[in-house]
Amino acid sequence: MTNETPSHVASSATQPDLLTLDTLTVIGVISGQAPPAALVRSSRGDIARVSPGETAFGVVIAAIDGNQVVLTDRVGTQHVLSVPGS
């Protein structure tokens with residue numbers, strides 16, 4: 001087994017200037033498990049692994065589907081965040 005990352009994987013995993021660093025951002029969705037999970041990054045750079053029903057960074061994760069996360073903010077407004085580049 002080798003520890004080298006194939007070039008096609010490395011090029012698709014490293015896309016410069018894709019993340020918006022000053023807002024809450026979805027950086028990945030983990031599917032194929034129950035419940036689904038996502039990695040979200042706060043504007044301060046903190047990262048959390050979340051599943052539906054959990055709270056992180058002041059929002060409630062309502063749903064995770066495909067490359068999107070649906071969340072509800074403190075005032076009850078729903079937002080849909082997509083994985084950048086998807």
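- Paired with Val69 under the rule side-chain contact (heavy atoms from CB on, under 4.5 Å), one option of Val26, Val80, Thr25 passes, and it is Val26.
- Between Pro52 and Pro36, the closest heavy-atom pair is CD-O, 3.3 Å.
- Contact record, Glu54 with Arg49: OE1-O, 3.8 Å, taken as the closest heavy-atom pair.
- Of the possible polar contacts, one joining the Ser42 side chain to the Arg44 backbone as a donor-acceptor pair under 3.5 Å is found.
- Residue pairs meeting the side chain to side chain donor-acceptor pair (under 3.5 Å) criterion with at least one member in residues 68-82, sequence neighbours excluded: Asp73-His79.
- Every residue two or more places apart in sequence or in another chain was checked for a side chain to side chain donor-acceptor pair (under 3.5 Å) with Asn67, and none qualifies.
- In this structure, Ile64 CD1 and Ser51 OG are separated by 5.5 Å, a value rounded to the nearest 0.5 Å.
- Residues Leu71 and Leu81 meet the side-chain proximity criterion, which asks for heavy atoms closer than 4.5 Å.
- Hydrophobic cluster membership differs between Leu39 and Val70, with clusters built from Ile, Leu, Val, Met, Phe, Trp and Tyr side chains linked at under 4.5 angstrom.
- Follow the hydrophobic side-chain contacts under 4.5 Å out from Val29 and you reach Leu24 in the same cluster.
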